[in-house]
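Every chain is numbered from 1 and lettered A, B, ... according to where its sequence line falls, protein lines coming before strand lines.
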Number of protein chains: 2
Amino acid sequence: MPEADRERFSDFLARLSPRDRGDLLRLALRRKVAKCELVFQAGSAGNFVHFLEAGRVKVYHLSSGGKEVLLWFCLPGEIFGLAEVCHGGGRQVYAEACESSSVLSVSQRDFKAYLETHPAVALLVNDVLACRLRNLGNVIQSLVASDVNERVVQLLVRLAATHGHKAPNGEICLDIRLTHQEMANMIGTTRQSVTSALNALRRLGVLDFDDNHHLRIHSERLLSETCVPAQHPGA
Amino acid sequence: MPEADRERFSDFLARLSPRDRGDLLRLALRRKVAKCELVFQAGSAGNFVHFLEAGRVKVYHLSSGGKEVLLWFCLPGEIFGLAEVCHGGGRQVYAEACESSSVLSVSQRDFKAYLETHPAVALLVNDVLACRLRNLGNVIQSLVASDVNERVVQLLVRLAATHGHKAPNGEICLDIRLTHQEMANMIGTTRQSVTSALNALRRLGVLDFDDNHHLRIHSERLLSETCVPAQHPGA
DNA sequence: CGGTTTCTGTCGGCTGGCCGACATGTCCCG
DNA sequence: CGGGACATGTCGGCCAGCCGACAGAAACCG
């Protein structure tokens, strides 16, 4: 189920040619970010684009009631803070380090000038934005049309694709450890409901936890819990 | 509340220089699309990008249970079907004409080659994708963190921004007529709940309907029904 | 190592809004 | 123009899952 080279795919820096990467890094400032420290926050100016060199960063909305809506996790090599740099306007989301991290930052002005002279990179930025757009479209569909148990399953499918690696025996192990609250924040439900759904899936044999408490998915069983997209009447 | 030049903003073709536009149109095929006809559907190859010349097109997911999740409407001049062209992979959404429409189509291969030689247009594509990404992020937050009445209000704010024009007396008139079902499909609720919420807002004086049944919003009253984004603790 | 904080498992009361239904109003098309 | 299709207004029963709570387990940090 994980797409081949998925990890390499999301690693923006690794997908640049050595020359393009060198030109970009020449524009970048490096910064250490402690666990729980904000890289940027909603309301601030979106005048830098960031690359995660090491660590993990979560990107989330924070609602007026204080509810955190977690959009995605950034892994090393990934670009983030991109939407406001491309489109302009202030930040709408928060980017916060989940662990001690290292971030490279390029100013909006430098980045735009760089894209104008590096067409292959501009296309790659399109690619990243398009991929995230498709993903959010899937999240919206899931939120609207699926009950909580289905949403947990669909999240597992997404996590397997972005953070999973296939073990020799066909199982998929997630490289990332998430709390039930984090998962709940990604699918718009409560921690308790995630706990309950995961335990039901565990009893069904769909998943378990390895010695390090990483989630391990039995992919064939997971697929049997997954809904297939509908064919349009008239198709 | 409507951003100045919002309509011009989303009109991709109008934002191109005459030369860039001419080069692009040289690659395009024109096609008439009847009301309710699909421009493309989920599962098909994403090998064309489309520009709406006239008419209106809705872009939506269709869930396995047959529930339509409406992501956005395309207006004349707008580009759509872009995400799969940039990122690759099959279509995940449907694009269907809401009325008799005219569509210009450019093949993925031609479009990518075009972007490589037209850097300003590649940046504009970034802009469009980023804008849509921000919008979907807001939709997700709304779905997760707001009750139905709040979601209706937030939808009105979004519609005013993208489809509204300011009348001399400060009211905002929507240029687009939406059924309650369409609005429900945009915010993940039922037609009945939208009807109920709209009627409550009408009784509050927030909105009414003009002679053509277009929705008219009293923007100051609408703002008083809108939640403000939270300040992050520690900001 | 031990105290504190965070995470997970479990429970039951409560309610927002979904759902199906029906009546009335509006629009469309032959 | 008029009949049929579609949209809107209204109602009440029902339930998925939210919420608050508590206990036990696990992780963290000085």
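Applying the 3.5 Å distance criterion, the base of C:dG17 shares no donor-acceptor pair with the side chain of B:Arg151.
Atom-to-atom, CG of B:Leu215 to P of D:dA7 comes out at 16 Å; the value is rounded to the nearest Å. Rounded to whole Å, the distance from CE on B:Met183 to P on D:dT8 is 9 Å. If you measure from atom CD of B:Glu182 to atom C1' of D:dT8, you get 14 Å, rounded to the nearest angstrom. As a whole-Å value, the separation of A:His180 NE2 from D:dC18 P is 15 Å. For the pair A:Asp147 CG and C:dG17 P, the interatomic distance rounds to 17 Å; values are reported in whole Å. One atom, CZ of B:Arg202, and another, P of D:dG9, lie 5 Å apart when rounded to the nearest Å. Rounded to whole Å, the distance from CG on A:Asn199 to C1' on D:dG24 is 14 Å. We find that NZ of B:Lys67 is positioned 9 Å from C1' of C:dC18, with the value rounded to whole Å.
Remark on DNA chain D: of its neighbouring residues A:Lys35 and B:Gln181, the 5'-side contact belongs to B:Gln181, judged by nearest-heavy-atom nucleotide. Closest-nucleotide positions on DNA chain C for B:Ser193 and A:Gln192 were compared, and the one nearer the 5' end corresponds to A:Gln192.
Using a 3.5 Å distance cut-off with no hydrogens or angles, the side chains of B:Ser193 and B:Thr190 do pair a donor with an acceptor. Remark: the A:His214 side chain and the A:Asp175 side chain contain no N/O donor-acceptor pair separated by less than 3.5 Å. Between the side chains of B:Glu150 and B:Ser142, no donor-acceptor pair of N or O atoms lies under 3.5 Å.
The OG atom of A:Ser63 sits 10.5 Å away from atom NE2 of A:His61, with the distance rounded to the nearest 0.5 Å.
For A:Phe48 and A:Phe40, the ring centers are positioned 6.0 Å apart or more.
Closest to the side chain of B:Val148, from the set D:dG17, C:dC18, D:dT10, is C:dC18.
Between A:Thr190 and D:dC19 there is no side-chain polar atom (N or O) within less than 4.0 angstrom of OP1 or OP2. Contact annotation: A:Arg191 side-chain N/O to C:dT10 OP1/OP2 distance is not under 4.0 Å.
No engagement by B:Ser196 is indicated, since no non-hydrogen atom pair under 4.0 Å with the nucleic acid exists.
The two residues B:Leu52 and B:Cys74 make their nearest non-hydrogen contact at CD2-O, 3.2 Å.
Note on the helix from C:dC1-D:dG30 to C:dG30-D:dC1: terminal axis deviation equals 60°, with five pairs used at each end and the result rounded to 10°.
The side chain to side chain donor-acceptor pair (under 3.5 Å) check on A:Arg202 picks up A:Asn199, with sequence neighbours excluded.
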